[in-house]
Amino acid sequence: MTRYNPKDTEPKWRRAWDEADAFRAGPPDPARPKYYVLEMFPYPSGRLHMGHVRNYALGDVIARYKRARGFNVLHPMGWDAFGLPAENAAMERGVDPKAWTYDNIARMRGELKELGLSIDWSREFATCDVEYYGRQQAWFLDLFEKGLVYRKESLVNWDPVDQTVLANEQVIDGRGWRSGAVVEKRRLSQWFLRITDYADDLTDDLKSLDRWPEKVRTMQENWIGRSRGARFSFRFSDPARADGLEVYTTRPDTLFGAAFVGIAADHPLAAEVAAANPAAAAFVETCRQGAVSEAEIETAEKLGFDTGLKVRHPFDPDLELPVWIANFILMDYGTGAIFGCPAHDQRDLDFARKYGLPVRPVVLPPGADPSAFEVGEEAWTGAGALFNSGFLDGLGIEDAKAAAIARLEADGAGEGATVFRLRDWGVSRQRAWGCPIPVVHCPSCGVVPVPKASLPVAHPADIAFGKAGNALDRHPTWKHVACPSCGGAAQRETDTLDTFVDSSWYFARFADVESQEPVRKSAADYWLPVDQYIGGIEHAVLHLLYARFVTKALADSGYLSVREPFAGLFTQGMVTHETYRRQGGEWVEPGDVVIEAEGRSRRARLLSTGEPVVIGDAEKMSKSKKNTVSPGEIFEVYGVDAARLFVLSDSPPERDAQWSNAGVEGAGRFVNGVGGEFESQPAGPHAADPGDPGATTLRRATHRLTRAVTEAIETFRFNSGIARLYEFLNLLREHKAEGASPALLAERAEALSVFARLIAPFTPHLAEECWARIGGEGLAVFAPWPDYDEALTRDAEVTLPVQVNGKRRWEIRAPAGAEPADVEKMVLDDPETARRLEGLTIRKVIVVKDRIVNIVVAG
RNA sequence: GCCCGCUUGGCGGAAUCGGUAGACGCAACGGACUUAAAAUCCGUCGCCAUCGGCGUGCCGGUUCGAGUCCGGCAGCGGGCACCA
């Protein structure tokens, strides 16, 4: 058998697709159904990795399938090209971020093209193209006009040596990752987008996203965190203080369990106390030096400072509560002040135990004894009935919340309130390699937006990167401009936008990349929403939430008609690989390792010296663990189709996939085997005979296969669909061409024609080769998706397992669709039944049509 | 710490309407072909055992019947707002 050689055939078919301009999306045409497939665009890091291969292969299956189904498909590609790594490269290697980025794009574009993706490359752009980010500035100004953009102070990680703001990930054990200097917290005046204005919409509209994974919707809902509770004021015990201390709580029902009132270190009252009390000032300063990230705040030891102030309980004026400053209270959430109920909140309990505050349970767990119930080291956060709670006694939690709120309102102390966990989106970045924020600071006019006619605000050509601080700010001339309003000397804003802004609307730009407006509405109206969006689960909250927000804001600015960008979402898993380490602990690349297997044990040795190597768990491919595999080398050895097939076949798409060379070899065997099967089919025509038994078997299998693969693609179970394709190849080999009757050859010809089209989304080059071999018309990429006949996918007879008391014992054959009563009679008449159930009494026979029989017996 | 997932043979996984657990692939083992190797082909392949029994992370529940539903626990992973 001649070997199928992907090295020759694959480039040939890619050229054929290019020449046919096969993947250019058609013009917007309301008469033609559209399908917009989009994978999250890549950051141009320099090299394609296997995660990219998986992501884009997944999307390509959908795009090719929908095209075969007759849809006008839009499947574009772009580059998320601004961001930190380019500036890091500039710092480390003294290169220009722009040149570095575009070089990377050029290299990665070549690698992506090699993958044979059905992409409309005519729409490609990078977010660092001035044609793109200039238009981003245009809609930013629209949001500015609508009051959705504002400035406020916020805390950042500041590296005093590098003179720069650090991302949370750049702070390691409280020190800057590059300088090693102790990181300070600084207050900077920063730009924010008012995403909280849309908090209700963003929550409510999640319900309409029925083609999103449930877990992503849940994560977003929790992130936005809409909660209903109460906002009310405590009166100070000191009659000289006329003002109250306003708190927010989601648990007004537990008010009688209050042990203290806590305020954030940034709370105005904390500042007031600190001004008069050096110990308090020191404590507030300690809190300020703490972590910025929520994870660290939450896991840090709970610390507090008793201000000495006291407030009165709103329902019991005789009860006084101390006011503490606490490090776990966030100024950004609610009012920055809480009341602590240790018995029913774990953080409050930890705090109370540490500082010796009383723990008074007020919610009695079901079945607990009110006189004996105590809270130990674990707060009771479950359901129960109120007790120790005056007028709330006996109520359930929800009723008690309502009653408490009603009393607070009646007393004029507070009111029911809805609060969101979601905070406004801080978009300022003190970095040069990003989209400049198009405003000017004028000493006399204040903040003045750049007029749209003056856009884009482009980067200067000569930015001196590689030094500490923001290169845009440091540039000698760029920021000095005339005020657009008064004409006086003014300065440009030198902050740039968070790169999440860049990725929050690119899908809309793809609808028409030539548009002078940010988005051409007519094109966007046709193409949006994205029918299928595909990307990593790590974007479940931030990117997807920001894109949803910007879509709504752009809709309200008149650019878009849709209010949700992504009708369907699929989140794929990571690509992992085994890790290898030498005895000394150093990581070793897979290429330097030989695996020896004997029976069930596997051992690894270093290729060069034979020294033993420890095989570790499969982990996400990363340079630091040296467990990466270069896609280019894989393509070279096994071919692109084998690589695509393996990443699609090995695991369900939403789960992690473990890369293995043995696995891709298996995929290569399939590619070869398919090539051989098509090779062996003699040219027709052959005299068909529908009654031939071999032909009938093959025909039914072909229809079953078509249904299985179609359903697998529709439901993203590509691995199962591919398993059916493997099975079918085995069947073709059983019904081989050599020595076959004309009837079988005729049926084989039909089967091969279907098979070539079914493999096309997964292994498109191989499909073309096969299609050409059997004389298919034109290119396989233009061939319609095969149909199947439902009747032919069903067998006339089925095998029914017979269970006794739920345990499978034997089986019977019955006509498909036989009525349960008839099957029951068949079973009871079966001599096997009498033999097996001798001496037992039949209590009941359960028959599930075409599925199973269960005989319930006793005795 | 909080939120969200996941857990099935030696391995990736299949069974997604509660109805035969282990499809398909990988690895391994045995055989054919070969001077030999590779490739290819054929066969075996959850565990224990003679009939048979036990098995889907662990404990419990619902059901004629549970990998699937419910409660609890454990382990692993993702996110936590300036990585993208």
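Hydrogens, waters and symmetry mates are skipped; everything else that's a heavy atom, side chains included, is used. So you know, we letter chains A, B, ... as the sequences are listed, proteins then strands, and number each from 1.
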Undergrad: In whole Å, what is the span from the CG atom of A/N854 to the C1' atom of B/C64?
TA: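 The answer, rounded to whole Å, is 5 Å.
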
Undergrad: Using Watson-Crick or G-U wobble geometry with both distances below 3.5 Å, tell me the partner of B/C73, or none.
TA: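 Its partner is B/G57.
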
Undergrad: Tell me: CD of A/E727 to P of B/A15, nearest whole Å?
TA: 12 Å

Undergrad: Once you round it to whole Å, what is the distance between C1' of B/U16 and CZ of A/F716?
TA: 17 Å

Undergrad: Could you tell me whether A/H539 contacts a base, only the sugar-phosphate backbone, or nothing, with contacts defined as non-hydrogen atoms closer than 4.0 Å?
TA: base

Undergrad: Do A/D473 and A/T494 have side-chain atoms, one donor and one acceptor, less than 3.5 Å apart?
TA: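 A pair is found: one side chain offers a donor N or O, the other an acceptor, under 3.5 Å apart.
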
Undergrad: Of the listed nucleotides (B/A23, B/C82, B/C41), which one gets closest to any side-chain atom of A/R733?
TA: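 Among the listed nucleotides, the one closest to the side chain of A/R733 is B/C41.
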
Undergrad: Base, sugar-phosphate, or nothing for A/Q803, non-hydrogen atoms under 4.0 angstrom?
TA: base

Undergrad: Rounded to whole angstrom, note down the P distance from B/A27 over to B/A38.
TA: 13 Å

Undergrad: Going by purine N1 to pyrimidine N3 plus the second Watson-Crick contact, or the G-U wobble pair, all under 3.5 Å, which nucleotide sits opposite B/C41?
TA: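 Paired with B/G31.
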
Undergrad: Considering only NZ, NE, NH1 and NH2 on the basic side and carboxylate oxygens on the acidic side, decide whether A/D266 and A/R187 come within less than 4.0 Å.
TA: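 A salt bridge links A/D266 with A/R187.
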
Undergrad: Could you please name the option among B/A84, B/G19, B/A15 that lies closest to any side-chain atom of A/S720?
TA: B/A15

Undergrad: Side chain of A/R655: nearest nucleotide among B/C6, B/A81, B/C26?
TA: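 That would be B/C6.
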
Undergrad: Please measure how far the C1' atom in B/C80 lies from the corresponding atom in B/G61, and state the result in whole Å.
TA: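 After rounding to an integer number of Å, I get 35 Å for this pair.
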
Undergrad: Could you tell me how far apart A/F670 (CZ) and B/A39 (C1') are, to the nearest whole angstrom?
TA: 19 Å

Undergrad: Nearest of B/G13, B/C82, B/A81 to any side-chain atom of A/P652?
TA: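 Selected nucleotide: B/G13.
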
Undergrad: Just how far, in rounded Å, is C1' of B/U16 from CD of A/E711?
TA: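 Nearest whole value for this atom pair: 13 Å.
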
Undergrad: Output the single nucleotide from B/G12, B/A84, B/G13 whose closest atom is nearest the side chain of A/D650.
TA: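 Ranking B/G12, B/A84, B/G13 by closest atom to the A/D650 side chain puts B/G12 first.
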
Undergrad: With syn defined as a glycosidic angle within 90° of 0 and anti as everything else, classify B/G46.
TA: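 B/G46: anti.
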
Undergrad: May I ask you to say what A/A295 touches in the nucleic acid, namely base, sugar-phosphate or nothing, with a heavy-atom cut-off under 4.0 Å?
TA: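 If one applies the 4.0 Å heavy-atom cut-off, A/A295 turns out to touch a base.
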
Undergrad: It should be established whether A/R717 places a side-chain nitrogen or oxygen under 4.0 Å from OP1 or OP2 of nucleotide B/G13.
TA: no

Undergrad: In whole Å, I'd like the distance from the CZ atom of A/F646 to the P atom of B/C26.
TA: 10 Å

Undergrad: How is A/V165 classified with respect to the nucleic acid when contacts are heavy atoms under 4.0 Å: base, sugar-phosphate, or nothing?
TA: base

Undergrad: Give a yes/no on whether any side-chain N or O of A/R851 is located under 4.0 angstrom from OP1 or OP2 of B/G18.
TA: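 Checking B/G18 against A/R851, no side-chain N or O comes under 4.0 Å of OP1 or OP2.
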
Undergrad: Categorize A/Q346 for me: base, sugar-phosphate, or nothing, with a 4.0 angstrom heavy-atom threshold over every strand shown.
TA: nothing

Undergrad: Using a 4.0 Å heavy-atom cut-off, does A/G426 contact any base of the nucleic acid, only the sugar-phosphate backbone, or nothing at all?
TA: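 Sugar-phosphate, backbone atoms only, no base.
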
Undergrad: In whole angstrom, what separates A/Y546's OH from B/C83's C1'?
TA: 13 Å

Undergrad: Between the side chains of A/S179 and A/D159, does any donor sit under 3.5 Å from an acceptor?
TA: yes

Undergrad: Flag the pair A/D795 and A/R704 as a salt bridge only when some basic side-chain nitrogen lies within less than 4.0 angstrom of an acidic carboxylate oxygen.
TA: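 A/R704 and A/D795: salt-bridged.
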
Undergrad: Both distances below 3.5 Å, Watson-Crick or wobble geometry, any strand: find the nucleotide opposite B/G19.
TA: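 Partner of B/G19: B/C64.
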
Undergrad: Suppose we define a pair by two distances each less than 3.5 Å, Watson-Crick or G-U wobble; what does B/C24 pair with here?
TA: B/G12

Undergrad: Return no unless some side-chain N or O of A/R809 is found under 4.0 Å from OP1 or OP2 of B/G53.
TA: yes

Undergrad: Considering only B/U20, B/G12, B/A14, which nucleotide approaches the side chain of A/I852 most closely?
TA: B/U20

Undergrad: Using atom P of each nucleotide, how far apart are B/C69 and B/G19 to the nearest Å?
TA: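 After rounding to an integer number of Å, I get 11 Å for this pair.
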
Undergrad: With RNA chain B as reference, determine whether A/S154 or A/G663 sits nearer its 5' end, using the nearest nucleotide of each.
TA: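 Final value for this comparison: A/G663.
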
Undergrad: Between A/N222 and B/C4, is there a contact of a side-chain N or O with OP1 or OP2 at under 4.0 Å?
TA: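 So the side chain of A/N222 is within the cut-off, an N or O lying under 4.0 Å from OP1 or OP2 of B/C4.
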
Undergrad: Just to be sure I understand the rule, does A/R724 reach a base, reach only the sugar-phosphate, or reach nothing, if contact means heavy atoms closer than 4.0 Å?
TA: base

Undergrad: Go through the structure and list residues passing ring pair (Phe, Tyr, Trp, His ring centres under 6.0 Å) with A/Y333, not counting sequence neighbours.
TA: none

Undergrad: Nearest to the side chain of A/Q190, which nucleotide is it out of B/U40, B/A14, B/C82?
TA: B/C82

Undergrad: Nearest to the side chain of A/E811 - B/C82, B/G19, B/U20?
TA: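 Selected nucleotide: B/U20.
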
Undergrad: Pick base, sugar-phosphate or nothing for A/E665, based on heavy-atom distances below 4.0 Å to the nucleic acid.
TA: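 Nothing, no nucleic acid heavy atom in range.
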
Undergrad: Regarding A/F500, tell me which of base, sugar-phosphate or nothing describes its non-hydrogen contacts under 4.0 Å with the strands shown.
TA: base

Undergrad: With heavy atoms under 4.0 Å as the rule, sort A/W425 into base, sugar-phosphate or nothing.
TA: nothing

Undergrad: With sugar-phosphate meaning primed atoms plus P, OP1 and OP2, does A/T499 contact a base, only sugar-phosphate, or nothing at under 4.0 Å between heavy atoms?
TA: sugar-phosphate

Undergrad: Quick one: look up who B/A81 pairs with, Watson-Crick or G-U, both distances under 3.5 Å, and put none if it's unpaired.
TA: none

Undergrad: Quick one: ring pair (Phe, Tyr, Trp, His ring centres under 6.0 Å) partners of A/W425, sequence neighbours excluded?
TA: A/Y546

Undergrad: With sugar-phosphate meaning primed atoms plus P, OP1 and OP2, does A/S503 contact a base, only sugar-phosphate, or nothing at under 4.0 Å between heavy atoms?
TA: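 Touches nothing.
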
Undergrad: With a 3.5 Å distance limit and no angle check, can you tell me whether A/S660 reaches the backbone of A/G663 through a side-chain donor-acceptor pair?
TA: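 Checking the backbone N and O of A/G663 against the side chain of A/S660, a donor-acceptor pair under 3.5 Å is found.
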
Undergrad: Figure out the CD/P separation between A/E677 and B/C41, and round it to whole Å.
TA: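 Atom CD in A/E677 sits about 10 Å away from atom P in B/C41.
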
Undergrad: Using a cut-off of strictly less than 4.0 Å, decide whether A/R423 has a side-chain nitrogen or oxygen near OP1 or OP2 of B/A81.
TA: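 For A/R423, the contact criterion (side-chain N or O under 4.0 Å from OP1 or OP2 of B/A81) is not met.
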
Undergrad: Which one, B/C4, B/C24, B/A84, comes nearest to the side chain of A/M219?
TA: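 Output: B/C4.
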
Undergrad: Examine the side chains of A/D350 and A/Q346 and answer whether a donor and an acceptor come within less than 3.5 Å of each other.
TA: yes

Undergrad: Please state whether the base of B/C82 and the side chain of A/R431 form at least one donor-acceptor pair under 3.5 Å?
TA: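 Answer yes: a donor N or O sits under 3.5 Å from an acceptor.
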
Undergrad: Which is true for A/L84 with a 4.0 Å heavy-atom rule: it touches a base, it touches only sugar-phosphate, or it touches nothing?
TA: sugar-phosphate

Undergrad: Once the angle between the rings of A/F82 and A/W433 is folded into 0 to 90°, is it parallel (under 30°), tilted (30 to 60°) or perpendicular (over 60°)?
TA: perpendicular

Undergrad: Would you classify A/N730 as touching base, sugar-phosphate or nothing, given that sugar-phosphate means primed atoms plus P, OP1 and OP2, and contacts are heavy atoms under 4.0 Å?
TA: sugar-phosphate

